[in-house]
Protein chains: 2
Amino acid sequence: MVKITDVARHAGVSPSTVSYALSGKRPISEETRRRVEESVRLLGYHPHAGARALAGRRSDVLALVVPLRAGIDVPVVMRFAVSVVTTARRYGHDVLLLTQEEGEEGLRRVVDTGLVDALIVMDVQLHDPRLPLLRHLDRPSVLIGFPADSDGLTCVDLDFKAAGEACVEHLARLGHRVVALVGSPPEVYVRRTAFAQRVVQGFTAAADRNRLSSAVHPCEASPVAARAVAEQLLREQPALTGVVIHNEAVLEPLIDAFEELGLRVPTDLSITAICPDEVAESLRVPVTSIALPSSEVGSQAVELLMRKLDGKAVPEATLLPPTMTQRAGTARRTAE
Amino acid sequence: MVKITDVARHAGVSPSTVSYALSGKRPISEETRRRVEESVRLLGYHPHAGARALAGRRSDVLALVVPLRAGIDVPVVMRFAVSVVTTARRYGHDVLLLTQEEGEEGLRRVVDTGLVDALIVMDVQLHDPRLPLLRHLDRPSVLIGFPADSDGLTCVDLDFKAAGEACVEHLARLGHRVVALVGSPPEVYVRRTAFAQRVVQGFTAAADRNRLSSAVHPCEASPVAARAVAEQLLREQPALTGVVIHNEAVLEPLIDAFEELGLRVPTDLSITAICPDEVAESLRVPVTSIALPSSEVGSQAVELLMRKLDGKAVPEATLLPPTMTQRAGTARRTAE
DNA sequence: GGATGATGTCGAAGCGCTTCGATTGCTCGC
DNA sequence: GCGAGCAATCGAAGCGCTTCGACATCATCC
């Protein structure tokens, strides 16, 4: 194994000079730097990570904590993870994979052992038990999603309010005047109120702004509930032509229910959803949708972390703008 | 940060004794060991990973290289990764996540820097450019899948031959006498011949053993090709009642084609597939299938790696037995 | 023209751990 | 009853790197 002293000897300088030439932490003459780099290349020198971590008190490794629990959308997590790794590498960092299962202990372990010098935590719950720890750890962290109290934490997520608005604006532009939001099931509200409620806010605000008649209905994650909500909607808003669905589980049942009730998508009813693209695409009638931009969230999280590692200040909340993908499920309102 | 000298002082012993007490590499009196452990707990001591890696010349970290390319089944990869992390933790190891994109350089980097002391490589290609490197690296590795030449490498995968056999045996037990295999598209054969061909071997062997009339048809990954193959099958084997499909992409189109040709699944035609459970389940008619046991492959890979790290010999090839999940797509042959 | 800064380089200390003798008491066996 | 042998512990060296202070060199400025 080739070490820094080998490079130093080969380049005819001292080990410390090699170190400075590579890190740039002290001025080194152009001439010397080139000689050192040449030697590094020739000898195939790779600094020992452990030695570095020990002397430099930083490991250049990030921890990524991925969720395990059921109901997690796997492709989203995977895209996110890949984006984190790719971005981290651009900053010379590696990524240690941890599972939710490790809990607080696991976080403390990787930090205390000096294995990682920053953390990315996915699937943050409203009252996540790891929050106090993350707050008091002397290592920077970034959360994906917003807990109930995000004070003193750095969080990244889709701007759900803007997403709700965008759905309505889209429907409004297509001429729809009566719209409804089918929201998340109660469980979701319990765990992650913040994000579900922000959709409602955005939806309502945009509907009011556009002077649309609107209604909001939470919905259980079952076909039976979907059917009931569909019937209720038509009863209460007979002129309904635009629906926003923020509830993956009932997307399909809801469309089925509407069609069974005699409404064709998109001829009679336009549908937009907030859900992963895979879900929106694989429907019988693919719907226009806004997805969590997993890759951007991943790279954004890493970039925030890098700034924090550099001692720079970062905003506590980063809300990513929604992007809408138009599909067959929405159409211009047919004049009646 | 609490270090080993703190623990030593607190326990009234020397640092080396603490080290030995914790590693068990030298006999330490019961009494002392308990005192040390007590101090460790009380002080919340976590040995510094870098220092350990430096002095002990092992990092207790495994690299996991995950594929990026399109066409990869994401849930399978994810399950695999989670299983690797979970199993690794049981052995006191952590997992560094790398993407395929890093290539050979990336592997060399994490090894040369001493960041990891073993590697798990997924999605190994038939003539993978990383093979020579993996062979000559002085760190153990385990591959998921079999390259063309697996000499000197440790590989784990589903026993595809047994899977092919199991499908046929299942159909035979249900009374089917005329069966066919719809195989992978040519691209797959190019990249990973071994595994596709082993399915054919198993299929043929089991068919012969059961004295079934059988045929094998590769199939392009398009609905058009699927339709063509379906028609060809019925022409060449009019008495066909059992089909094994080893080609995710045409599973759905093929079933559609059969039904359009007047064959109902499973009444007229029983179908078994080798594909991820998600795929088999989400079909209009869920088919009986054999999936890659991702979790087992993951834990198996880690266990092999641990044995190699301990200097023990391990088999070069580990073939995991197939497990069949019965679904609506197969039925007893109806007497005619 | 000698004090003043840069600029570029070196030597040595030290990061926190493991590990290799060496040392100290013991228990045995004869 | 004394050396052999073993169990338990200690001290010190060293893993490969970063970083701090020191030093040498050279241009700069009244």
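Residues A:Asp123 and A:Arg69 are paired through a salt bridge, judged by an N-O separation under 4.0 Å between the basic side chain and the carboxylate. A:Arg35 has a carboxylate O that lies under 4.0 Å from a charged side-chain N of A:Glu31, or vice versa, which qualifies the two as a salt bridge.
Side chain of B:Ser299 to main chain of B:Thr87: no donor-acceptor pair is present (N/O by atom type, distance under 3.5 Å, no hydrogens or angles). In this structure, A:Lys308 contributes its side chain and A:Ser141 its backbone to a donor-acceptor pair below 3.5 Å. For B:Ser150 (side chain) and B:Phe146 (main-chain N/O), no donor-acceptor pair under 3.5 Å exists by modelled atom type.
For B:Glu102, the salt bridge (Lys or Arg N to Asp or Glu O under 4.0 Å) partners are A:Arg89, B:Arg109, not counting sequence neighbours. Remark: A:Arg34 pairs with A:Glu30 by the salt bridge (Lys or Arg N to Asp or Glu O under 4.0 Å) rule, at least two apart or across chains. Legend: residues meeting salt bridge (Lys or Arg N to Asp or Glu O under 4.0 Å) with A:Arg108, ordered by chain and number and at least two apart, are absent. Under the rule for a side-chain hydrogen bond (donor to acceptor under 3.5 Å, both in side chains), the partners of A:Glu37 that lie at least two apart in sequence or sit in another chain are A:Arg33. Applying the side-chain hydrogen bond (donor to acceptor under 3.5 Å, both in side chains) test to B:Asp60 and every residue at least two apart in sequence or in another chain returns B:Arg58. Shown here are the side-chain hydrogen bond (donor to acceptor under 3.5 Å, both in side chains) partners of B:Thr17, two or more places apart in sequence or in another chain: B:Ser14. Applying the salt bridge (Lys or Arg N to Asp or Glu O under 4.0 Å) test to B:Glu101 and every residue at least two apart in sequence or in another chain returns nothing.
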Table of protein N/O atoms under 3.5 Å from nucleotides 20-23 of chain C N/O atoms:
unit_1, atom_1, unit_2, atom_2, d
C:dC20, N4, B:Tyr20, OH, 2.7
C:dG21, N7, B:Arg26, NH2, 3.1
C:dG21, O6, B:Arg26, NH1, 2.2
C:dG21, O6, B:Arg26, NH2, 3.3

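Interface residues of residues 29-41 of chain B facing DNA chain D, ordered by number: B:Ser29, B:Thr32; criterion, heavy-atom separation under 4.0 Å. DNA chain C is contacted by A:Leu54, A:Ala55, A:Arg57 of residues 45-60 of chain A, taking any non-hydrogen atom closer than 4.0 Å.
Atom CG in A:Leu115 sits 11.5 Å away from atom NE2 in B:His46 (nearest 0.5 Å). To the nearest 0.5 Å, atoms CG (A:Leu119) and CG (A:Leu305) are separated by 7.5 Å.
Axis angle, first five pairs versus last five pairs of the helix from C:dG1-D:dC30 to C:dC30-D:dG1: 40°, rounded to 10°.
In the 5' to 3' direction, nucleotides of DNA chain D lying under 4.0 Å from heavy atoms of chain A begin and end at D:dG16 to D:dA22.
The phosphate of C:dG11 (OP1 or OP2) has no side-chain N or O of A:Ser14 nearer than 4.0 angstrom.
With hydrogens and angles left out, the side-chain atoms of A:Ser19 and A:Ser16 include no donor and acceptor closer than 3.5 Å.
Mapping B:Gly12 and A:Thr17 onto DNA chain D by nearest heavy atom places B:Gly12 closer to the 5' end of the strand.
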